[in-house]
Amino acid sequence: MIKRRYSSELSSEMDGKVITVAGWVNEKRKMGKLIFLLIRDRDGIVQLTLPGKFVSKEVFETAKNISKESVVVARGKLQKMEKAPGGFEIIPEEIKVFARAESPLPLDPTGKVPANLDTRLDSRVMDLRKPEIMAIFKIRSQILKAAREYLYRKSFLEIHSPRIISTASEGGTELFPIAYFEKEAFLAQSPQLYKQMLMGTGMDAVFEVATYFRAEEHDTIWHLNEITAIDCEMAFIEDEEDILTLIENLIVAMVTEVKENCQKEIELLGRDISIPEKPFLRIEYSRVLELLEEAGLRLSFGEDLTTEAEKKLGEIMKEKGHVFYFVTKYPLSIKPFYTMPENSEQKLSRAFDLEFSGREIISGSQRIHNYDLLVDRIKAKDMRVENFGAYLKAFKYGMPPHGGFGMGIERLLMLLLNLSNIREAVLFPRDRYRLRP
RNA sequence: GCCCUGGUAGUGUAGACGGCCUAUCAUGCAGGACUGUCACUCCUGUGACUCGGGUUCAAAUCCCGACCAGGGCGCCA
């Protein structure tokens, strides 16, 4: 490795020390016989100052001719200087250009001239050089780390289920077909069936940071065709309340960790993150219908909450001081076949969603663990029982009561950071039209 | 899948009741002046109407189609 210091490690206290820094030329300001070079690295920006009288002609010429965004490494004496940003600057003795950046740049990484999201995504590497864009992904990394740490602490086993599957696992969303030698196969829409099967092994509690592939032709700021989710499943639960408790603890752990460790990034994004208070409100679906009706929005029982209804509910809840809240006891009819009915009437279910400011970020439920009931429900959904052979087999020989959920990471990030488009929360997003970069 | 809107230099924009557009401004880039910049400043230059068809004496501007993009709904994480 090249021995160098990050900009964040430097301060005016190091006055007189010879330092090596490396990074990209953020800006160059030529003032005749004085040149300022602002070098950007992962953590920030450091100023190189080149007074014509005090640096070698060679170094001065290199600086003068360097193009914006070129990669350089510079060695020089750090000098305490009131006039310099941060109170110090480096007078370079040597500047080495590793890679000269071509011009014109596809977009302006200093952000002086804005660029459309489409332009930015086409030149994502350039775009990510902007500190506030990179901040999103530092936070994303922290959020996943926090989730992992919390779940490991709670003795969850991290697993990997197949991404290539043979048939439609859950029905509902469309799958991407792929060529698999002489067979047809699909990209998995979620680990749902696999994580449930594992509940029959004694693993008790598992989670996966999973990629979901959804072939829906949706075209919104809220949907993608490839997403990342934290998928959990746990066995020996009393009912879905055990899952709700896990979720609120997990969310609080994740947000707390971000708030504590990403202060700089949160500031860069101009956000203020508050840690949600436990317990999160649980509100039953039928009660939601009542509240909506009072607000002038009528939905009939058995209808899923429309986007309008969800947003309206978000407003109502906000007035009452709830940012995170669970909608529980959904009608069985609008939930997947593996959802546990609330009782023998089979009208309500033990399914729930976690809403964050009027938008759904988690969906989960207690699942059916009884083989016969499961088969009945598959039939009731007009699905073919023979398509579920391997899955059903796991329920024949002893399956404990269990439940779980899937949490959309991008959605969480988007709402937490107030991003205007879900694509902002993915390095290289995949939507209906975008397959590259 | 349905509905709405839009495509102008590398980037972001102005112009659109057809002519006064040899197309605005900013930024960038090139050259020049400048020893304390921090969106440095100033001077000079540079570079664009998505494509195809139509209407018209005349199209960036109106019409049709394609492609691309933005947004909403549905679906969901």
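A salt bridge is absent between E89(A) and K77(A): the closest approach of a Lys/Arg side-chain nitrogen to an acidic carboxylate oxygen does not fall below 4.0 angstrom. Here R282(A) pairs with E248(A) in a salt bridge; the nearest charged N to carboxylate O distance falls below 4.0 Å. Salt bridge K145(A)/E149(A): present, at least one basic N to carboxylate O contact under 4.0 Å. Between E102(A) and K68(A), none of the side-chain N atoms (NZ, or NE/NH1/NH2) sits under 4.0 Å from a carboxylate O, so this pair counts as no salt bridge. By the 4.0 Å N-to-carboxylate-O rule, E284(A) lies too far from K329(A) to be salt-bridged with it. Note on R350(A) versus D239(A): no salt bridge recorded, every NZ/NE/NH1/NH2 to OD/OE distance being 4.0 Å or above.
Dashed line: the shortest gap from a side-chain N or O of T119(A) to OP1 or OP2 of rU11(B) is not under 4.0 Å. The side chain of K311(A) places an N or O atom within less than 4.0 Å of a non-bridging phosphate oxygen (OP1 or OP2) of rC73(B). At rC76(B), none of the side-chain N or O atoms of N225(A) fall inside 4.0 Å of OP1 or OP2 (strictly under the cut-off). Contact annotation: R434(A) side-chain N/O to rA69(B) OP1/OP2 distance is not under 4.0 Å. Side-chain nitrogen and oxygen atoms of N116(A) include none within less than 4.0 Å of the OP1 or OP2 phosphate oxygen of rU11(B).
For K64(A) and rA30(B), the NZ to C1' distance is 13 Å, given to the nearest whole Å. Across the protein-nucleic acid pair, E217(A) atom CD and rC75(B) atom C1' stand 11 Å apart, rounded to whole Å. What separates NZ of K33(A) from C1' of rU35(B) is a distance of 9 Å, to the nearest Å. Atom CG in D108(A) sits roughly 16 Å away from atom C1' in rA9(B) (whole-Å rounding). L416(A) places its CG atom 20 Å from the P atom of rA77(B), with the value rounded to the nearest Å. With rounding to whole Å, K28(A) atom NZ is found 14 Å from rU37(B) atom C1'. Here the P atom of nucleotide rG12(B) and the NZ atom of K112(A) are 16 Å apart, to the nearest Å. A straight line from CD of E216(A) to P of rC73(B) spans 15 Å, rounded to a whole angstrom.
Here, rA59(B) and rC49(B) have their C1' atoms 11 Å apart, quoted to the whole Å. Comparing the same atom, P, in rC34(B) and in rA39(B) gives a spacing of 24 Å after rounding to whole Å. rC51(B) and rU11(B) have their P atoms separated by 15 Å, with the value rounded to a whole Å. Rounded to a whole angstrom, the distance from the P atom of rC42(B) to that of rU37(B) is 15 Å. Taking atom C1' on both nucleotides, rC20(B) is separated from rG7(B) by 26 Å, rounded to a whole Å. For the P atoms, the distance from rA60(B) to rA48(B) is 15 Å, rounded to whole Å. One P atom belongs to rC64(B), the other to rG18(B), and the distance between them is 16 Å to the nearest Å. Rounded to the nearest Å, the gap between the C1' atom of rU50(B) and that of rC3(B) is 24 Å.
Taking every side-chain heavy atom of I422(A) into account, rA77(B) is the closest of rG71(B), rA77(B), rG36(B). In this structure, the nucleotide among rG1(B), rC73(B), rG12(B) sitting nearest to the side chain of T220(A) is rC73(B). Side-chain proximity of I221(A) to the nucleotides rA39(B), rG12(B), rG72(B) is greatest for rG72(B). The side chain of P104(A) approaches rG10(B) more closely than any other nucleotide in the set rC76(B), rU37(B), rG10(B). Among rG71(B), rC76(B), rA26(B), the nucleotide with an atom closest to any side-chain atom of D304(A) is rC76(B). Considering only the side chain of V113(A), rG12(B) comes nearest among rU37(B), rG70(B), rG12(B). You'll find that the side chain of M31(A) is closest to rU37(B), out of rG12(B), rU37(B), rC76(B). Across rA77(B), rU37(B), rC73(B), the shortest atom-to-atom separation from the side chain of T307(A) is found for rC73(B).
In a base pair of the Watson-Crick type (N1 to N3 plus N6-O4 or O6-N4) or a G-U wobble (N1-O2 and O6-N3), with each distance short of 3.5 Å, rG28(B) is matched with rU46(B). With a cut-off of 3.5 Å on both Watson-Crick or G-U wobble distances, the partner of rA14(B) is given as none. In this structure, rG52(B) and rC64(B) make a Watson-Crick or G-U wobble pair, each of the two defining distances being under 3.5 angstrom. Applying the Watson-Crick and G-U wobble criteria (two distances, each under 3.5 Å), rC75(B) pairs with nothing in any strand. Pairing for rA39(B) is absent, judged as Watson-Crick or G-U wobble with the two contacts each under 3.5 Å.
In terms of position along RNA chain B, the nucleotide closest to K53(A) lies nearer the 5' end than the nucleotide closest to the other residue of the pair M407(A) and K53(A). Across the interface with RNA chain B, nearest-nucleotide mapping of S67(A) and L34(A) shows S67(A) to be the residue nearer the 5′ end.
In F301(A), the CZ atom is crowded: over 12 heavy atoms of neighbouring residues, nucleotides or ligands sit closer than 6.0 Å. Taking a 6.0 Å sphere around CD of E308(A), one finds it holds 12 or fewer heavy atoms contributed by other residues, nucleotides or ligands.
If you check every strand for non-hydrogen atoms under 4.0 Å, G408(A) touches sugar and phosphate atoms only. Residue-level contact check: P85(A) touches the bases, meaning some heavy atom is under 4.0 Å from a base atom. No engagement by E69(A) is indicated, since no non-hydrogen atom pair under 4.0 Å with the nucleic acid exists. Among the heavy atoms of the strands lying under 4.0 Å from I227(A) is at least one base atom, whether or not backbone atoms are also near. Among the protein residues, E355(A) comes within range of no part of the nucleic acid, since none of its heavy atoms lies under 4.0 Å from any strand. Residue contacts for A229(A): at a heavy-atom cut-off of 4.0 Å it reaches no nucleic acid atom on any strand shown. At the heavy-atom level, L38(A) lies nowhere under 4.0 Å from the strands shown.
Applying the 3.5 Å distance criterion, the base of rC75(B) shares a donor-acceptor pair with the side chain of H223(A). Side-chain N/O atoms of E27(A) and base N/O atoms of rU37(B) include no donor-acceptor pair closer than 3.5 Å.
Between F324(A) and F280(A), the two ring planes are parallel [angle under 30°; tilted spans 30° to 60°].
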